[in-house]
Trainee: 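Below is one structure. I have some questions about it.
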Amino acid sequence: MRILVVGGAGYIGSIAVKKLLAAGNQVIVLDALYTGHRKSVDPKAKFYQGDLQNQFLVSQILRNEKIDAVMHFAAYSLVPESVAKPLKYYDNNVSGMIALLTAMKDADVKYLVFSSSAATYGIPQKLPITEDSLLNPINPYGDTKAMMEKIMHWADKADGIKSIALRYFNVAGALSDGSIGEDHSPETHLIPNILRSAVSGDGQFTIFGNDYDTPDGTNVRDYVQVEDLIDAHLLALNHLVKTNQSDVFNLGTAHGYSNLEILQAACSVTGKEIPYTIGPRRAGDPDSLVADSTKARTILNWQPRHESATEIMTSAWKWHQTHPQGYND
Ligand code: UFG
């Protein structure tokens, strides 16, 4: 297939590009490089630099490149930044989705696989979280993703654009050879912050809050290894083309780890004692988010190969050791 990957220079998108190429697809990337890295894009993919909101450019690429399907990784994705700058998130994420779907309609491209998020659920009424749980986001980031899913739903009804929304839990790890990994500036995610502190030995790692309603008081999250996550995208695209039906799937391993447990796992993977302090709560963090991923496992036949926190972190440790300054190394 000829696949347009929007946001293909980002952490998750660039690994999707690699895996789509390896599976024999033609891959075209559109990325504005606001947060992505040109170096992370496999040279076998054709690259366009541009904003998803440039609907004219997107339509032209879809037509000229004879695109069969789109994978969308081009949203802003940091919970704390979205709380501080909500308009930036609604503008980029929601307007970007409207422009993409309009361009897809114009160019008659019918298939979309979308990076959605567990942040759409907000504070869940029950754990583990199934796909039919209420969407009640508690931060602007999660709200934009819920809105984007809703827009996709109506674009299917009116225009026949079929889509699969994949609700990611906490994505972690790197390409297994350690060549592509997480490089955000500023970095806000738990695992990269712990591993950076392990590499630098600066003793600057903080856990945000230990008074949550969880067994050890720190937030519980469900981590999924990034290559496993991308495997699910390939399965989802095949499923979409085969069934011609829109759907939504959770992507998580269904194991919950507290922030303290992740820190312990990092000490074991790195073989280092990593000092930490407990700081105040961070805005927008639900107590616990754990997936019920039965639907992806049964319908898509998805089988994550990394289930434990140490397995998930091993590739990330390779990346951080070899790229202490990210893509500037
Ligand atoms: N945390 C720390 N210290 C840090 C960084 C994070 O204690 O230096 C804590 C956070 O407060 C939270 C946990 O680690 O309790 C995980 O935080 P992350 O920032 O790594 O991830 P989030 O859970 O906020 O969000 C991630 C993705 C979202 C996705 C969400 C779904 O970034 O896109 O998982 O579970 F929606």
Side-chain angles (χ1 to χ4, degrees), residues 7 10-16 18-19 35-37 40 73 75 77-80 115-119 128-129 141 166-199 205-208 218-233 250-270 272 274 276 282 285-286 288-291 293 296 302-324 326-327:
Y11 160 50
I12 300 173
S14 57
I15 294 178
K18 281 262 181 209
K19 294 221 153 206
T35 56
H37 303 275
S40 71
F73 300 91
S77 63
L78 302 178
V79 172
S115 309
S116 189
S117 171
I129 305 170
Y141 165 64
L166 298 171
R167 292 188 186 141
Y168 302 174
F169 284 65
N170 287 57
V171 187
L175 205 62
S176 50
D177 64 2
S179 62
I180 300 183
E182 231 171 320
D183 179 1
H184 299 117
S185 183
E187 186 53 78
T188 62
H189 292 111
L190 180 67
I191 291 178
N193 277 350
I194 296 175
L195 296 179
R196 258 189 220 298
S197 180
V199 170
F205 171 64
T206 302
I207 289 187
F208 301 133
T218 65
N219 286 148
V220 170
R221 295 287 180 272
D222 177 338
Y223 292 84
V224 52
Q225 209 273 351
V226 63
E227 288 191 271
D228 290 338
L229 181 97
I230 298 304
D231 288 345
H233 286 67
N250 284 340
L251 295 181
T253 53
H255 305 293
Y257 289 98
S258 74
N259 294 343
L260 275 170
E261 286 172 329
I262 290 292
L263 179 67
Q264 279 155 13
C267 293
S268 130
V269 167
T270 61
K272 297 181 184 215
I274 305 167
Y276 69 99
R282 191 177 73 172
D285 280 337
S288 300
L289 290 172
V290 180
S293 52
W302 180 55
Q303 184 55 60
R305 282 166 298 147
H306 310 76
E307 300 266 4
S308 72
T310 49
E311 284 171 327
I312 289 168
M313 241 182 271
T314 302
S315 51
W317 179 229
K318 240 184 218 175
W319 158 256
H320 283 282
Q321 280 177 296
T322 50
H323 300 79
Y327 285 101

Trainee: Under the ring-ring contact (aromatic ring centres under 6.0 Å, His included) rule, collect the residues that match up with W319, sequence neighbours excluded.
Mentor: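 For W319, the residues satisfying ring-ring contact (aromatic ring centres under 6.0 Å, His included) (neighbours in sequence not counted) are H323, Y327.
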
Trainee: Using modelled atom types only, decide if a donor and an acceptor are shared between the side chain of W302 and the backbone of D228 within a distance under 3.5 Å.
Mentor: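 Such a contact is found between W302 side chain and D228 backbone.
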
Trainee: Is any side-chain N of the basic residue among K19 and D231 closer than 4.0 Å to the acidic one's carboxylate O?
Mentor: yes

Trainee: Please identify which of these residues, D183, I191, V199, meets the side chain to side chain contact (heavy atoms under 4.5 Å, CB included) condition with H320.
Mentor: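 Running side chain to side chain contact (heavy atoms under 4.5 Å, CB included) over D183, I191, V199 with H320 returns exactly one hit, V199.
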
Trainee: Are H255 and E307 packed together at the side-chain level, in the sense that at least one heavy-atom pair is separated by less than 4.5 angstrom?
Mentor: yes

Trainee: What residues, two or more places apart in sequence or in another chain, satisfy ring-ring contact (aromatic ring centres under 6.0 Å, His included) together with F208?
Mentor: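 Once residues adjacent in sequence are excluded, F208 has no partner under the ring-ring contact (aromatic ring centres under 6.0 Å, His included) criterion.
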
Trainee: Which of these passes side chain to side chain contact (heavy atoms under 4.5 Å, CB included) with Y223: T253, I262, V171?
Mentor: I262

Trainee: I'd like to know if the side chain of S293 reaches the main chain of A296, judged simply by a donor and an acceptor atom lying under 3.5 Å from each other, with no hydrogens or angles considered.
Mentor: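 Side chain of S293 to backbone of A296, a donor-acceptor pair under 3.5 Å: no, none is there.
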
Trainee: Tell me whether S116 contacts the main-chain N or O of R167 through its side chain, where contact means a donor paired with an acceptor under 3.5 Å.
Mentor: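 No; zero donor-acceptor contacts below 3.5 Å.
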
Trainee: What I'd like to find out is whether the side chain of E182 reaches to under 4.5 Å of the side chain of E187, using heavy atoms alone.
Mentor: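 Answer yes - side chains close enough.
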
Trainee: Taking the side chain from S268 and the backbone from Q264, do they hold a donor-acceptor pair closer than 3.5 Å?
Mentor: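 Looks like no, no N/O pair under 3.5 Å.
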
Trainee: Checking side-chain hydrogen bond (donor to acceptor under 3.5 Å, both in side chains) between Y168 and each of S115, S117, S77, which is the one that passes?
Mentor: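 Output: one option passes, namely S115.
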
Trainee: Quick one: does N250's side chain have a donor or acceptor within less than 3.5 Å of a partner on I129's backbone?
Mentor: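 Yes; at least one donor-acceptor contact below 3.5 Å.
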
Trainee: Can the ring centroids of H189 and Y11 be said to lie less than 6.0 angstrom from one another?
Mentor: no

Trainee: Taking D222 for the side chain and A254 for the main chain, is one N or O donor matched with an acceptor at less than 3.5 Å?
Mentor: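 Side chain of D222 to backbone of A254, a donor-acceptor pair under 3.5 Å: yes, one is there.
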
